[in-house]
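Heads up: the structure comes next, in structure tokens.
Just so you know, ligand 1 is whichever comes first in the structure, and atom 1 is the first atom listed for that ligand.
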Amino acid sequence: MNDVIVAATQNKHKIKEIEAITKEFGLSVISRSEAGIPDIDIVEDGETFEENSYKKAHEIMKLCGKITIADDSGLEVDFLDGAPGVYSARFAGVSGDDEANNKKLVGMLKDVPYEKRTGRFVSVITMVFPDGEKIVARGEVEGHIVLEEQGGNGFGYDPLFVPEGYDRTFGQISPEIKNKISHRANALHALREKFKKKEESL
Ligand code: IMP
């Protein structure tokens, strides 16, 4: 598995996590800028993580002609019927405003008891090949939402999310542990297995 793979995401936090996780299993992932791809905006207008993830990977693969992966991810809260879901990045209106998103989420859950504040992070990673073929992998991590931001690690909703089996948020947990148990880690492990099978079948 010596192929160089381009990651379609521009999110620095995601890139860092993807690089750290894939390094462990011998995939060499480079960022869009390292691949010399111009800074284009891809409109994420899909209704599912799968649609958005495919769109991002496919657009970038067309530009670089190399195997490309894209992560589309978000937080699903059960009490909110799965919201913010695919709208996680722009939950409060402005894309990528983590502080406003977290504030909005806390506001919507403030009267809900802890045991009902369940949810999960979801990551769907699509790998698109130059011949147009694709591999899709989904990873999840279950947990609870807390009402006060805790910890400065990670990004997005991390300071509000306590993964199952832990009593601290992703904001408090070390990156090494997050990268072992996260939705993104689970998706990348599933992707690796599917990619391995594809390579073996060639
Ligand atoms: P995307 O770039 O459209 O996939 O949006 C992902 C959004 O989901 C981010 O902006 C975060 O709000 C949230 N998100 C996804 N993964 C994580 C994570 O690992 N930690 C915290 N928030 C995340």
Side-chain angles (χ1 to χ4, degrees), residues 7-22 31-32 39-60 68-77 80 82-109 117 119-127 136-146 149-164 166 168-189 191:
T9 180
Q10 294 290 69
N11 180 323
K12 287 193 179 67
H13 300 282
K14 281 192 193 177
I15 286 278
K16 210 169 154 194
E17 292 186 2
I18 290 170
E19 282 175 350
I21 298 162
T22 54
S31 66
R32 236 156 100 168
D39 197 9
I40 56 153
D41 237 3
I42 299 167
V43 183
E44 295 182 28
D45 51 4
E47 281 173 17
T48 62
F49 295 115
E50 280 78 4
E51 282 176 58
N52 284 334
S53 167
Y54 173 71
K55 187 173 181 190
K56 287 189 270 192
H58 190 232
E59 291 292 312
I60 298 303
T68 302
I69 56 170
D71 160 292
D72 197 64
S73 45
L75 178 68
E76 292 180 346
V77 178
L80 304 176
V86 289
Y87 305 106
S88 291
R90 57 201 137 118
F91 190 37
V94 181
S95 186
D97 189 342
D98 293 345
E99 209 182 306
N101 289 339
N102 287 351
K103 207 168 152 203
K104 179 168 176 181
L105 184 63
V106 167
M108 291 172 90
L109 295 176
R117 276 186 263 126
R120 70 207 54 77
F121 273 126
V122 178
S123 161
V124 172
I125 300 192
T126 304
M127 179 179 260
V136 185
R138 173 181 270 252
E140 300 187 356
V141 57
E142 299 286 331
H144 282 82
I145 315 300
V146 292
E149 292 191 28
Q150 290 166 39
N153 291 338
F155 68 102
Y157 300 95
D158 278 344
L160 295 176
F161 185 83
V162 177
E164 215 166 80
Y166 291 77
R168 292 173 303 150
T169 67
F170 266 163
Q172 295 169 304
I173 286 172
S174 72
E176 288 72 25
I177 293 180
K178 182 185 173 192
N179 286 339
K180 281 204 168 67
I181 64 170
S182 77
H183 48 317
R184 197 157 290 112
N186 292 335
L188 284 166
H189 281 98
L191 184 80

Check residues 83-93 and write down every donor-acceptor pair under 3.5 Å in which the side-chain atom is one partner and the other belongs to a residue at least two apart or another chain.
| unit_1 | atom_1 | unit_2 | atom_2 | d |
| --- | --- | --- | --- | --- |
| Ser88 | OG | Leu75 | N | 2.9 |
| Ser88 | OG | Gly85 | O | 2.6 |
| Arg90 | NH2 | Glu44 | O | 3.2 |

Inset, instruction - With sequence neighbours excluded, tell me which residues meet salt bridge (Lys or Arg N to Asp or Glu O under 4.0 Å) with Glu19. - result: none

Inset, instruction - Pick one of side chain, backbone, both or neither for how Phe170 approaches ligand 1, counting any non-hydrogen atom pair under 4.0 Å. - result: neither

Legend entry - Numbered atoms and elements of ligand 1 in range of His183, under 4.0 angstrom, heavy atoms: 16 (N), 17 (C), 18 (C), 19 (O)

Inset, instruction - Kindly identify the option in Tyr87, Phe155, Phe49, Tyr157 whose heavy atom sits closest to atom 12 (O) of ligand 1. - result: Tyr157

Inset, instruction - Pick one of side chain, backbone, both or neither for how Lys56 approaches ligand 1, counting any non-hydrogen atom pair under 4.0 Å. - result: side chain

Inset, instruction - Classify the ring geometry between His183 and Phe170 as parallel (under 30°), tilted (30 to 60°) or perpendicular (over 60°). - result: parallel

Legend entry - Where ligand 1 meets Asp72 - atom numbers and elements under 4.0 angstrom, heavy-atom basis: 1 (P), 3 (O), 4 (O)

Legend entry - Atom indices of ligand 1, in the order listed, that fall short of 4.0 Å to a heavy atom of Lys14: 1 (P), 2 (O), 4 (O)

Inset, instruction - Of the side chain and backbone of His13, name the one, both, or neither that has a heavy atom under 4.0 Å from an atom of ligand 1. - result: neither

Inset, instruction - Say whether Leu75 and ligand 1 are in contact under the criterion: heavy-atom distance to a ligand atom below 4.0 Å. - result: no

Legend entry - Residues Thr9 and Asp71: side-chain donor-acceptor under 3.5 angstrom: no

Inset, instruction - Only heavy atoms count here, so choose which of Glu17, Glu44, Arg90 is nearest to atom 3 (O) of ligand 1. - result: Glu44

Inset, instruction - Give me the ring orientation class for Phe155 and His13: parallel if the planes are under 30° apart, tilted from 30 to 60°, perpendicular past 60°. - result: parallel

Inset, instruction - Applying salt bridge (charged side-chain N to carboxylate O under 4.0 Å, His left out), run through Asp72 and Lys55 and close with a yes or a no. - result: CA-CA 10 Å; Asp72 197 64; Lys55 187 173 181 190; over 6 Å; no

Inset, instruction - Please identify which atoms of ligand 1 are closer than 4.0 Å to at least one heavy atom of Lys178. - result: 18 (C), 19 (O), 20 (N)

Legend entry - Ligand-residue contact atoms, ligand 1 with Gly156, heavy atoms, under 4.0 Å: 21 (C), 22 (N)

